[in-house]
Amino acid sequence: MIRIHVLGSAAGGGFPQWNCNCRNCQGVRRGEIKATARTQSSIAITSNQTDWVLFNASPDIRIQVESFAELQPARALRDTAICAVVLIDAQIDHTTGLVVLREKGSPLPIYCTELVYQDLTQGYPLLSLLEHYCGVGHYPVPVTGESFRIPGADDLEFTAVALTSEAPPYSPRRHNPQPGDTIGMRVTDTTNGKNLFYAPGLGRIEPQVQRYLAEADCVLIDGTCWTNDEMVRQGISRKLASDMGHLAQSGEAGMISVLQPLSRPRKVLIHINNTNPILDEDSHERAVLHQAGIEVAYDGMDITL
Ligand code: MLT
Ligand code: MN
Ligand code: ZN
């Protein structure tokens with residue numbers, strides 16, 4: 001059995017974002033819209049109910065651990081239930097929490113691609129920094145389709161798939177991303193055959209991605225923006241969702257049109273940007289998702305496969 005716990009369901013910045021007065025952020029702060037605050041993007045997965053693999057380490061990891069008893073120390077004076085960290089890219093909102101984990105008394109086992117490792121030791125040298133604290137056990141994630149295992153997560157098999165998205169601003173490959181800058185991950189429970197496909201940053205649906213989606217029992221997938229120009233229209237940024245490597249939900253070739261025909265998986269959007277109208281539970285857009293059979297992840301959501 002795979003158990004997935006959503007620690008943080010928002011995109012970078014969280015919801016509300018500290019400096020934002022958009023309709024959603026102001027609305028949730030003042031209690032004027034039906035919406036729930038969300039921390040930044042991370043999930044935890046277990047198969048044995050004891051050892052958890054952390055997918056991404058968000059800047060909010062400290063409060064996320066404090067909000068979820070099962071990740072907390074229980075067996076020794078200093079302890080954690082996190083047996084490894086998998087990074088799906090080198091973005092700030094997915095990696096900065098590693099600094100918060102620096103008190104670990106032994107090297108943190110970190111699974112990431114070679115390109116993510118490069119960015120995290122060069123443009124944003126977090127892993128080099130950690131060498132002065134707990135140290136890093138670096139395990140390369142292949143993007144050639146081979147599966148791998150993580151000690152502690154005994155019944156789980158992991159398979160990465162290279163996604164087309166964007167590399168982070170501090171990467172030398174910013175607008176020329178290569179396979180491995182962003183990955184999606186299939187996590188399969190080898191005891192019951194069920195699998196999750198997790199892809200919080202996804203700019204384009206390629207044929208191999210379509211296959212991972214169709215074969216999944218649950219997809220937790222990029223829900224950053226409703227429309228490609230949402231941040232531009234709200235006067236918040238000049239960036240389109242596509243400039244940041246995210247596929248918008250609405251529109252002819254949007255995420256809804258990709259997900260709706262899939263009959264097998266439970267479909268859940270994650271990594272929701274604070275500008276996205278779906279955060280307002282009374283919105284028309286939220287009703288459209290509901291009708292399409294698509295859920296919106298929230299902090300604390302727990303899924304068992
Ligand atoms: C992204 O995935 O594009 C990020 O959420 C951006 C950020 O962290 O600023
Ligand atoms: Mn992000
Ligand atoms: Zn906002």
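In this chain, numbering begins with 1 at the start of the sequence shown. Since we're looking at a predicted model, the values are computed, not measured. One-based numbering, in listed order, for ligands and for the atoms of each.
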Do we see a donor-acceptor contact under 3.5 Å between the side chains of [X] and [Y]?
X	Y	answer
Thr159	Ser147	yes
Glu206	Thr164	yes
Thr275	Gln234	no

Are any of the N/O atoms in Ile92 less than 3.5 Å from those in ligand 1?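 For ligand 1, there is no N or O atom that lies under 3.5 Å from one belonging to Ile92.
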Would you please determine whether His271 falls within less than 4.0 Å of ligand 1 on a heavy-atom basis?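 It does; at least one heavy atom falls under 4.0 Å.
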Among protein heavy atoms, which sits nearest to atom 3 (O) of ligand 1, and what does the distance come to when rounded to 0.1 Å?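 Of every protein heavy atom, His246 NE2, 2.9 Å lies nearest to atom 3 (O) of ligand 1.
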Counting non-hydrogen protein atoms only, what is the nearest one to atom 6 (C) of ligand 1? Give residue, atom name and distance.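 Sorting protein heavy atoms by distance from atom 6 (C) of ligand 1 puts Gln91 OE1, 4.2 Å first.
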Closer than 4.0 Å and a protein heavy atom, does any atom meet both conditions relative to atom 9 (O) of ligand 1?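 It does not; no protein heavy atom is within 4.0 Å.
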Mind telling me whether Phe148 and Tyr111 have parallel, tilted or perpendicular rings, with 30° and 60° as the class edges?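 Tyr111 and Phe148: parallel rings.
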Determine whether more than 12 heavy atoms belonging to other residues, nucleotides or ligands lie under 6.0 Å from atom CD of Gln291.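 At most 12 heavy atoms, drawn from other residues, nucleotides or ligands, come within 6.0 Å of this atom.
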Could you tell me whether Asp280 and Arg23 have a side-chain N and a carboxylate O separated by less than 4.0 Å?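 Yes, charged N to carboxylate O under 4.0 Å.
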From the N, O or S atoms in Asp93, identify the one nearest to the Mn ion (ligand 2).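 Closest to the Mn ion (ligand 2) among those atoms: OD2.
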2.8 Å cut-off met by an N, O or S atom of His271 to the Mn ion (ligand 2):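 Of the N, O and S atoms in His271, at least one lies under 2.8 Å from the Mn ion (ligand 2), which means yes.
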Give, rounded to 10 degrees, the angle between SG (Cys25) and OD1 (Asn274) as seen from the Zn ion (ligand 3).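 SG of Cys25 and OD1 of Asn274 make an angle of 100° at the Zn ion (ligand 3), to the nearest 10°.
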